[in-house]
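Worksheet: one structure, shown below.
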Amino acid sequence: MFLRDLTFTDVDRLQGQAIGAEDAIQMDQETFSSIYERTAKPLWVFLWRRTGDAHLADDLLQETYYRFLRIRGSYESEAHRRNYLFRIATNLANDNHRRHKESVPFSESEPHIRPEHNDIAACSQRRTDLQRAMSQLATRQRDALWLAYVEGSSHEEIAEILGLKVGSIKLLLFRARRKVAKLLREKES
Amino acid sequence: MSTKFECEYERELIEAVNAERWPDRCDAELRSHAATCEVCQDVVQVAKALQDDADTTSYDVRLPSAGLVWWRAELRARRDAMRTAERPLTLVHAFAGACGVGVLAALLTQLTPWLRQSFLHLTGIHISDVAVVMLQQPWPLVLTVGVLLVLAPVALYFVFSDK
């Protein structure tokens, strides 16, 4: 087809195809739903703990999946994909923190207490103690502790998510863990 | 004595805590080791506190459905694609606008003597009279120019910004 033979509809169609190839979402909806069901909750909790704001965590979660969907990535395993999502989320939380500059504590919002929990007062107290202890740490240390002990990530995975060297993770975790454990023990005694 | 940063039982211990097997439903060997290992004691203390906190938080989380997140992402991708496609067009518009302003300025320069003559002829005011009034009370003019200088960049920002 010569250029002079093109109709406006053809131009629109070709332009649409060009845009689609460059900017389209790189996954089908069914695959996405399956990934989302497995990863959304831990990601949201991580973002909420990072930002201390449920609405902001909602926004960052949406942005995380948007970026994830736009990237034509090949993932070696389920864990690799999950790490990638956490890495996007961490970068977004860092960007947000840099933009707003305010110091975000581990979380200041009212804790949700599970109704079946035997001792609501004790549970609430433990959460408050943890929040205070975690607030003593740098953001990077908090992230490392969360990824290691809640998400069960290995040192290599934590290094990949936080963009650090594997060798530095051991010491980072050790210092953060020792500090939090000491503060928690002091509260208990 | 060198400080021990990690322990070989650490991973096993984290798995036991996260699976809620610690302390009653895990190996006696692991329990007896943890009782004497400083690293493992810290790991249990911190992992248990964090895991409890995560469980309690997760309990009440209301997330948007996967379909909604997908739909929003698709909408956003289309909008971004449109913006990418329109970017060269915006540049052409800006260039055309700049050309228009240039032509208008040239026209005004050419027409100014004629306009001035016509204005003075119609009103009967001498140009030096206007100048004297402006020099005596310059504030309205200064204020107008100031407001224009402030508003012009703001207007340009809103015209050309993405948001």
Side-chain angles (χ1 to χ4, degrees), chain A residues 15-16 18-20 22-25 29 32-37 40-42 44-46 48-49 54 58 61-62 65-66 68-70 107 111-115 117 123 126-127 129-131 133-134 145-146 148-152 154-155 170-171 173-174 176-178 180-182 184-185 188, chain B residues 2-7 10-19 22 37-89:
Chain A
Q15 194 182 21
I19 288 168
E22 204 176 295
D23 298 304
I25 282 169
Q29 192 173 354
F32 171 73
S33 296
S34 148
I35 294 167
Y36 182 84
E37 297 305 332
K41 204 175 245 190
W44 188 90
V45 174
F46 174 74
W48 181 63
R49 276 302 183 204
D58 287 344
L61 186 77
Q62 175 73 46
Y65 283 109
Y66 174 66
F68 172 71
L69 284 168
R70 292 288 300 274
S107 177
H112 308 278
I113 305 298
R114 273 191 287 187
H117 212 287
C123 176
R126 276 199 298 274
R127 296 193 81 195
D129 292 344
L130 178 69
Q131 282 162 24
M134 292 292 272
L145 279 187
W146 189 272
Y149 301 129
V150 177
E151 297 304 323
S154 65
H155 289 185
K170 201 191 286 182
L171 191 61
L173 270 177
F174 168 73
R177 185 179 62 221
R178 195 162 65 170
V180 171
K182 186 170 171 267
L184 289 177
R185 280 198 200 99
E188 276 176 5
Chain B
S2 67
T3 311
K4 195 177 161 190
F5 291 139
E6 59 181 349
C7 175
E10 198 177 321
R11 181 134 298 272
E12 206 178 327
L13 210 52
I14 294 166
E15 279 169 13
V17 170
N18 288 359
W22 177 265
C37 174
E38 204 180 328
V39 170
C40 287
Q41 281 169 10
D42 284 354
V43 168
V44 168
Q45 181 94 38
V46 175
K48 213 166 174 322
L50 283 171
Q51 192 60 49
D52 280 352
D53 184 73
D55 286 348
T56 314
T57 308
S58 307
Y59 180 79
D60 209 21
V61 173
R62 269 179 232 105
L63 292 170
S65 68
L68 182 65
V69 173
W70 172 269
W71 178 73
R72 282 182 188 153
E74 211 171 36
L75 210 66
R76 168 101 180 269
R78 281 180 199 196
R79 208 181 56 201
D80 286 356
M82 289 291 285
R83 198 175 293 158
T84 310
E86 281 170 4
R87 204 170 291 148
L89 217 63

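Because the structure is predicted, anything quoted here is derived from the model rather than measured. Order of the sequence lines sets the chain letters (A, B, ...), proteins ahead of strands, with each chain counted from 1.
Between the side chain of A/Gln62 and the main chain of B/Val69, a donor-acceptor pair closer than 3.5 Å is present.
With chain A as the partner, the residue from B/Gln51, B/Arg72, B/Glu74 showing the most heavy-atom pairs under 4.5 Å is B/Arg72. Put simply, of B/Leu68, B/Leu63, B/Leu13, the one with the most heavy-atom pairs under 4.5 Å next to chain A is B/Leu63.
Scored by the side chain to side chain donor-acceptor pair (under 3.5 Å) test, A/Arg178 finds no partners at all (sequence neighbours excluded). Residues satisfying the side chain to side chain contact (heavy atoms under 4.5 Å, CB included) criterion with A/Glu151, sequence neighbours excluded, are A/Pro42, A/Arg82, A/Phe86, A/Trp146, A/Leu147, A/Ser153.
Heavy-atom distances place the backbone of A/Ala148, and not its side chain, under 4.5 Å from chain B. Proximity to chain B (any heavy atom under 4.5 Å) is shown, for A/Ile35, by neither the backbone nor the side chain. Both the backbone and the side chain of A/Tyr149 come within less than 4.5 Å of a heavy atom in chain B. Neither the backbone nor the side chain of B/Val17 comes within contact range of chain A; no heavy atoms are under 4.5 Å apart. Neither the backbone nor the side chain of B/Val44 comes within contact range of chain A, judged by heavy atoms closer than 4.5 Å. Interface remark: A/Leu184 contributes backbone and side-chain atoms alike to the contact with chain B (heavy atom separation under 4.5 Å).
Within the 4.5 Å cutoff, the side chain of B/Pro64 has no heavy atoms near those of the A/Trp44 side chain. For the pair A/Ser154/B/Arg11, a side-chain contact is recorded, criterion being any heavy-atom separation below 4.5 Å from C-beta on. For the pair A/Leu173/B/Glu6, no side-chain contact is recorded, criterion being any heavy-atom separation below 4.5 Å from C-beta on. Taking the side chain as every heavy atom from C-beta outward, B/Asp80 and A/Tyr66 approach each other to under 4.5 Å. The side-chain heavy atoms of B/Val61 and A/Trp48, taken from C-beta on, include no pair separated by under 4.5 Å.
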Let me see the working for B/Asp42 and A/Lys182 under salt bridge (charged side-chain N to carboxylate O under 4.0 Å, His left out), right down to the final yes or no. CA-CA 8 Å; B/Asp42 284 354; A/Lys182 186 170 171 267; over 6 Å; no
Please evaluate residues B/Glu10 and A/Arg177 with respect to the criterion salt bridge (charged side-chain N to carboxylate O under 4.0 Å, His left out), reporting the C-alpha separation (whole Å), side-chain torsions for both, the decisive distance (0.1 Å), and the verdict. CA-CA 12 Å; B/Glu10 198 177 321; A/Arg177 185 179 62 221; 3.4 Å; yes
Given salt bridge (charged side-chain N to carboxylate O under 4.0 Å, His left out), test B/Asp53 with A/Arg49 step by step and report yes or no. CA-CA 10 Å; B/Asp53 184 73; A/Arg49 276 302 183 204; 2.5 Å; yes
Is there a side chain to side chain contact (heavy atoms under 4.5 Å, CB included) between B/Arg76 and A/Arg70? Walk through the geometry before answering. CA-CA 10 Å; B/Arg76 168 101 180 269; A/Arg70 292 288 300 274; 5.7 Å; no
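Test B/Asp52, B/Thr57, B/Thr56 against A/Arg127 for side-chain hydrogen bond (donor to acceptor under 3.5 Å, both in side chains) and you get one pass: B/Thr57.
The two residues A/Leu69 and B/Ala73 come nearest to each other via the heavy atoms CD1-CB, 3.7 Å.
For the pair A/Asp58 and B/Arg62, the salt-bridge criterion is not met [side-chain N within less than 4.0 Å of a carboxylate O].
Other residues, nucleotides and ligands place more than 12 heavy atoms under 6.0 Å from the NZ atom of A/Lys41. B/Glu38 CD: 12 or fewer foreign heavy atoms inside a 6.0 Å radius.
Note that CD of B/Gln45 is 10.0 Å distant from CG of A/Leu130, once rounded to the nearest 0.5 Å. Rounding to the nearest 0.5 angstrom, the gap separating the CD atom in A/Gln29 from the CH2 atom in B/Trp70 is 5.5 Å.
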